[in-house]
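What follows is a short report on a single structure.
The sequence lines fix the lettering, A, B, ..., with proteins before strands; numbering per chain opens at 1.
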There are 2 protein chains.
Amino acid sequence: MNKDCTVYKTADFIGKKWTIPLLLELYKGEDHSKRYSELKRDLPKITPKILSTRLKELVKEGMISKKVNSTTFPPRCDYSLTKSGKEFISVIQGMKTWSLKWKDPNKICKSTKCFECRL
Amino acid sequence: MNKDCTVYKTADFIGKKWTIPLLLELYKGEDHSKRYSELKRDLPKITPKILSTRLKELVKEGMISKKVNSTTFPPRCDYSLTKSGKEFISVIQGMKTWSLKWKDPNKICKSTKCFECRL
DNA sequence: CCGGATCCTCTGCGATACTG
DNA sequence: CAGTATCGCAGAGGATCCGG
């Protein structure tokens, strides 16, 4: 395993705590977009520090984009999945399929009306 | 995002550092199997502590199995992917496909003769 | 020798409080 | 509202040691 290996680099970055749940929450939002406070509300156990750290990382990685709307008051910050980010959701989808097959299945997630991960 | 959500739980576990590279190294081995010392050699930057911690976790999760061969000397410990573990490789495959499309591509990994991730 | 366990250090995460 | 600042602790890195 070389450190330049594509899989290795991606795993290292995706593997950080809260990255996948965060991408999934954005996916669930309207236009695959949510505000900072909505993310904090929907991921009740994430701390503001980690949330802002992960958001910056994801912007840098090109998976999400930040848009500040300062015409309103108070100003809104919208984070939305880029095309790259949206396509990554299919990887998470694969993870869910695997998980439902092999791990102790969560009935809510199995339902077609799953509001937890909505995949 | 509920803590019982299948995706959340899987992400939390898969996301731990070295889990994905470790699964991939086992996949690359003969019969999707490798010894402790081979893993340490092929993941030069992993520390023995983390390696043994991750191996225990993966056994507990049912993704790998441990087999001690004490008929030889010195005794060998072989770790191999279970059926569940092998099927998870397709998720990693999806990650690689995504990565090659969207991230700065690694020429070695793009090659069909990729010896880094061999997917 | 092989497969770890142990000790120590240091980065990263969690919790809470505070600010532009 | 959208973040920083500060502190404490758990997990990761690095080196060394140990039992079979």
Between [N] ([atom2]) and [X] ([atom1]): distance, integer Å:
X: A:L43; N: D:dA2; atom1: CG; atom2: C1'; answer: 16 Å
X: B:K34; N: C:dG3; atom1: NZ; atom2: C1'; answer: 17 Å
X: A:L51; N: D:dA2; atom1: CG; atom2: P; answer: 10 Å
X: A:D78; N: D:dG3; atom1: CG; atom2: C1'; answer: 15 Å
X: B:L39; N: C:dG3; atom1: CG; atom2: C1'; answer: 12 Å

Residue pairs fulfilling salt bridge (Lys or Arg N to Asp or Glu O under 4.0 Å) with at least one residue in residues 36-47 of chain A, sequence neighbours excluded: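 The answer is A:K34-A:D42.
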Applying salt bridge (Lys or Arg N to Asp or Glu O under 4.0 Å), which residue pairs with at least one partner in residues 59-81 of chain A are found, sequence neighbours left out?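 Those involving residues 59-81 of chain A are A:E61-B:K103.
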Does D:dT4 have OP1 or OP2 under 4.0 Å away from a side-chain N or O of A:Y36?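 For D:dT4, neither OP1 nor OP2 has a side-chain N or O of A:Y36 closer than 4.0 Å.
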Using OP1 and OP2 only, check whether a side-chain N or O of B:R76 sits under 4.0 Å from C:dC2.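 Negative; the distance criterion is not met.
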Under 4.0 Å protein heavy-atom contacts per nucleotide of nucleotides 7-20 of chain D, with B for base, S for backbone only and - for none: B----BBB------
What residues, two or more places apart in sequence or in another chain, satisfy side-chain hydrogen bond (donor to acceptor under 3.5 Å, both in side chains) together with A:N69?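 For A:N69 the side-chain hydrogen bond (donor to acceptor under 3.5 Å, both in side chains) partners, ignoring immediate neighbours, are A:T71.
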Can you name the residues that form a side chain to side chain contact (heavy atoms under 4.5 Å, CB included) with B:T97, not counting sequence neighbours?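 B:T97 satisfies side chain to side chain contact (heavy atoms under 4.5 Å, CB included) with B:Q93 only.
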Taking only residues two or more places apart in sequence or in another chain, which ones pass side chain to side chain contact (heavy atoms under 4.5 Å, CB included) with B:K56?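 Partners of B:K56 under the side chain to side chain contact (heavy atoms under 4.5 Å, CB included) test: none.
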So for the helix from C:dC1-D:dG20 to C:dG20-D:dC1, with five pairs setting each end axis, what is the inter-axis angle to 10°?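 Between the first-five-pair axis and the last-five-pair axis there is 30°.
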Output the single nucleotide from C:dG4, D:dA2, D:dT4 whose closest atom is nearest the side chain of A:S52.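 The answer is D:dT4, which lies nearest to the side chain.
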What pairs of residues pass the ring-ring contact (aromatic ring centres under 6.0 Å, His included) test when at least one of them lies in residues 40-61 of chain B, not counting sequence neighbours?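 Applying ring-ring contact (aromatic ring centres under 6.0 Å, His included) to every pair that reaches into residues 40-61 of chain B, excluding sequence neighbours, yields nothing.
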Step by step, work out the side chain to side chain contact (heavy atoms under 4.5 Å, CB included) result for B:K17 and B:I50. CA-CA 9 Å; B:K17 198 159 188 184; B:I50 301 302; over 6 Å; no
Once ring-ring contact (aromatic ring centres under 6.0 Å, His included) is applied, do any residues pair with A:Y8, and if so which ones, sequence neighbours excluded?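 With sequence neighbours excluded, A:Y8 shows a ring-ring contact (aromatic ring centres under 6.0 Å, His included) to B:W18, given in chain and number order.
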For B:H32 and B:Y27, take the angle between the two ring planes, folded into 0 to 90°, and tell me which bin it lands in: parallel under 30, tilted 30 to 60, perpendicular over 60.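 Taking B:Y27 first and then B:H32, their aromatic rings lie parallel (interplane angle under 30°).
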